[in-house]
Amino acid sequence: MNVFLGVDVGSVSTNLALVTEDNEVRWTLYLRTQGQPIATIQQGMWVLRENLSPLMQIKGVGTTGSARRLAAVMIGADSVKNEITAHAVAACNLVPTVQTVFEIGGQDSKIIIIRDGVVVDFAMNTVCAAGTGSFLDQQAARLNLPIEQFGELALQSKTPVRIAGRCSVFAESDMIHKQQMGHNLPDILAGLCEALVRSYLNNVGKGKEIRGPIVFQGGVAANVGIVKAFERALGQTVFVPPHFNVMGAVGAAILAKEVYWERGETAFRGFAVATDEFTATSFECAGCANMCEVIGIKLNNRVIARWGDRCGKWEQSAHDAQVVTPRVAS
Amino acid sequence: MKVTFPHMGNMWIPVKTMLEYVGLEVIVPPVPSKKTLSLGTKYSPATACLPLKINIGNFIEAFELGADTIVMGGGWGPCRFGYYAEVEREILTDLGYKFNMIVLEAPDNKLSEFLKQVRVLAGDHSWFEVVRAIRLAWFKARAVDIVEEEAERWRSRERVYGGVDRTFTEALAKIDAAKTRLEIDGAVRWAQNAYRQLDLDYYKSVLRIGLVGEIYTVLEPFVNLEIERRLGRLGVEVSRSIYLSEWINDHLFGGFLRLPGAREARRLSSPYLNYFVGGHGRETVGSTVKFAQENFDGVIQIGPLTCMPEIVAQSVLSKVSQDLGIPTMTLYFDEHSGEAGLVTRLEAFVDLLSRRRARRKMSEVQMQ
């Protein structure tokens with residue numbers, strides 16, 4: 001059976017997904033990036049090798065997420081796409097009539113407006129990460145509360161308190177203030193959920209026409225408190241798909257499939273990636289006053305890619321030396 | 001007297017020519033870099049818009065090279081730019097620099113006003129020489145624009161990335177070195193030939209995006225994180241709403257020459273925006289209408305963070321976008337602008353446009 005691998009390397013999580021030619025999700029993996037994308041990608045590929053059924057053959061690889069280029073060079077990807085496109089593709093595939101996608105991940109939150117299966121508008125949070133997974137994680141940790149219970153507890157609240165949620169710094173100090181006043185935990189958590197939803201709709205979704213069906217994906221969709229707060233604020237059902245936390249990887253896999261159908265070959269390097277030695281080195285280029293920080297990715301002590309330079313000199317030198325990922329026929 | 005002036009894209013080429021031809025010693029500040037930015041942000045108010053910070057950096061770097069006189073533009077209206085010269089003078093004086101500042105007030109309506117101001121700079125030189133200097137500077141501005149417009153067209157069609165940028169840089173050096181109109185024309189012809197020597201895919205179907213917004217952000221690649229080059233690399237032909245020569249004609253010559261320019265853009269901004277909101281707010285709206293009429297695939301609006309005229313325009317753009325069916329995206333830049341976020345947004349916008357185009361093609365085929 002032909003399958004396609006999608007890899008989404010974000011700031012908080014690294015996700016893998018295997019998708020069949022009929023866009024059916026066969027296997028998924030959710031790992032914490034923990035600031036070490038190279039090690040996590042290798043770990044993910046290791047787990048995949050152990051779990052890959054002998055009947056499955058990987059015919060294409062797609063990467064997405066903020067470390068998509070790094071992942072692409074390491075694994076040998078056919079498609080390298082931004083998170084917005086990958087999430088939109090995955091949502092459209094799961095719910096063909098979807099008109100709005102909310103995506104809240106570790107650091108980013110996005111809204112994608114889809115009409116007739118085509119993305120017509122999108123927005124992404126800019127400077128503030130107040131309404132995202134990392135902040136919720138942090139608050140749960142401060143309250144000594146497992147993040148999985150966060151949503152359940154919030155649902156127990158009858159009278160949510162109002163929390164100033166414009167910015168995570170204000171939200172935290174306001175939460176602490178409300179605690180000191182004696183409000184109970186469920187009310188504060190429910191208040192925080194409402195504050196985040198308000199902040200998301202005002203800052204990310206501002207001015208956009210939010211029509212149903214609405215699909216809510218990304219790690220934060222696991223939080224039932226936030227889902228309910230969205231539904232209350234919008235007066236509409238918010239649909240959380242089964243693979244909500246790996247939708248980026250699913251989208252990346254579908255995009256890889258499209259490339260494979262076009263080209264008929266793959267750049268996938270095989271599972272050696274799990275055991276190869278990858279190192280990243282960086283230096284400050286002194287070529288001009290821009291002082292770019294150039295990063296070099298080495299595979300077994302050989303530079304395979306460079307980026308980070310404005311002028312393209314270093315990037316080009318890696319290309320000229322023909323050290324880009326070798327293509328392996330599968 | 002060693003004269004310097006702030007950078008704005010390739011404006012330094014004609015300005016340098018003009019000042020040199022009226023007998024001044026000119027010190028062009030180094031091209032804006034991270035150093036310029038860190039100098040500028042260190043000494044400017046945090047809430048000032050980005051162009052002011054780059055200006056300050058430019059001046060300090062020029063002083064290091066021995067400049068002692070600044071030629072700066074003035075202005076009026078709701079945009080903060082009108083106050084730049086005064087604020088910059090205060091900041092630099094407080095830092096202990098000794099310099100003269102000559103402020104060219106925006107004449108905007110009359111060519112004669114502009115001539116008078118250049119006349120003051122020219123000192124003993126005759127009117128004949130002043131006019132000759134302005135003429136030559138004008139031809140250089142035109143030449144820069146012609147060469148740049150071609151670069152924008154060919155960048156998206158390159159098979160091997162980089163040749164267009166190298167040719168463009170070389171052409172700019174040739175235009176800068178040119179002494180006569182004949183040499184300027186020669187430099188343009190050289191560039192046009194050189195572009196055609198490159199490995200270009202003339203049959204490639206490329207997306208077309210119009211770039212609108214605040215003039216400094218549009219013209220200065222350092223400030224907009226080289227948005228044109230990034231888009232070119234994504235296979236997009238970029239067309240700007242503002243080119244240097246049009247701006248000079250509109251604002252310094254008072255529209256003396258018959259060129260398409262801001263006047264047309266302002267006319268098209270009605271009925272969406274009927275008032276002067278400062279800066280290039282109306283032009284942004286009008287140019288978006290124009291790009292929609294010319295069947296562009298999308299429009300990207302850029303400006304410095306907190307730019308009031310652009311914020312006004314942005315709020316109107318969603319209506320323009322709905323009415324005329326052209327997707328628009330707004331990006332603001334300041335010293336914290338991250339590359340990763342920009343790249344993701346540009347890629348996603350380009351994907352949006354190409355999928356939209358593919359969908360349209362498919363429905364056209366089905367109709368037949």
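Convention: sequence-line order gives letters A, B, ...; per-chain numbering from 1.
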Is the number of heavy atoms from other residues, nucleotides or ligands within 6.0 Å of CZ (A:F170) greater than 12? no

Would you give the length of the straight line joining atom CE of B:M329 to atom CZ of A:F122, rounded to the nearest 0.5 angstrom? 5.0 Å

With a 4.5 angstrom heavy-atom cut-off, could you sort out which part of A:K81 is near chain B: side chain, backbone, both or neither? both

Within this structure, what is the CD1-CG distance for the pair A:I84 and B:D351, rounded to the nearest 0.5 Å? 9.5 Å

Is it the backbone or the side chain of B:S318 that comes under 4.5 Å from a heavy atom of chain A, or both, or neither? neither

Any chance you could measure B:K34, atom NZ, to A:E293, atom CD, to the nearest 0.5 Å? 5.5 Å

Which region of A:L255, side chain (C-beta onward) or backbone (N, CA, C, O), has a non-hydrogen atom less than 4.5 Å from a non-hydrogen atom of chain B, or is it both or neither? side chain

As a test of understanding, state which of A:V120, A:D121, A:V119 forms a side-chain contact (heavy atoms from CB on, under 4.5 Å) with B:L352. A:V119

Other residues, nucleotides, ligands: >12 heavy atoms within 6.0 Å of B:E64 CD: yes

Quick one: what part of B:F349 sits under 4.5 Å from any heavy atom of chain A, side chain, backbone, both or neither? both

At a 4.5 Å cut-off on heavy atoms, which part of B:L225 comes close to chain A: side chain, backbone, both, or neither? both

Measure the shortest side-chain to side-chain distance between A:V80 and B:E347 over non-hydrogen atoms and say whether it is less than 4.5 angstrom. no

A quick test of your reading: do over 12 heavy atoms of other residues, nucleotides or ligands sit less than 6.0 Å from CZ of A:R115? yes

For A:D116, is the CG atom crowded, meaning more than 12 foreign heavy atoms sit under 6.0 Å from it? no

Answer yes or no: is there a side-chain heavy-atom contact under 4.5 Å between B:V343 and A:R68? yes

Taking the side chain as every heavy atom from C-beta outward, state whether B:R355 and A:V89 have any atom pair closer than 4.5 Å. yes

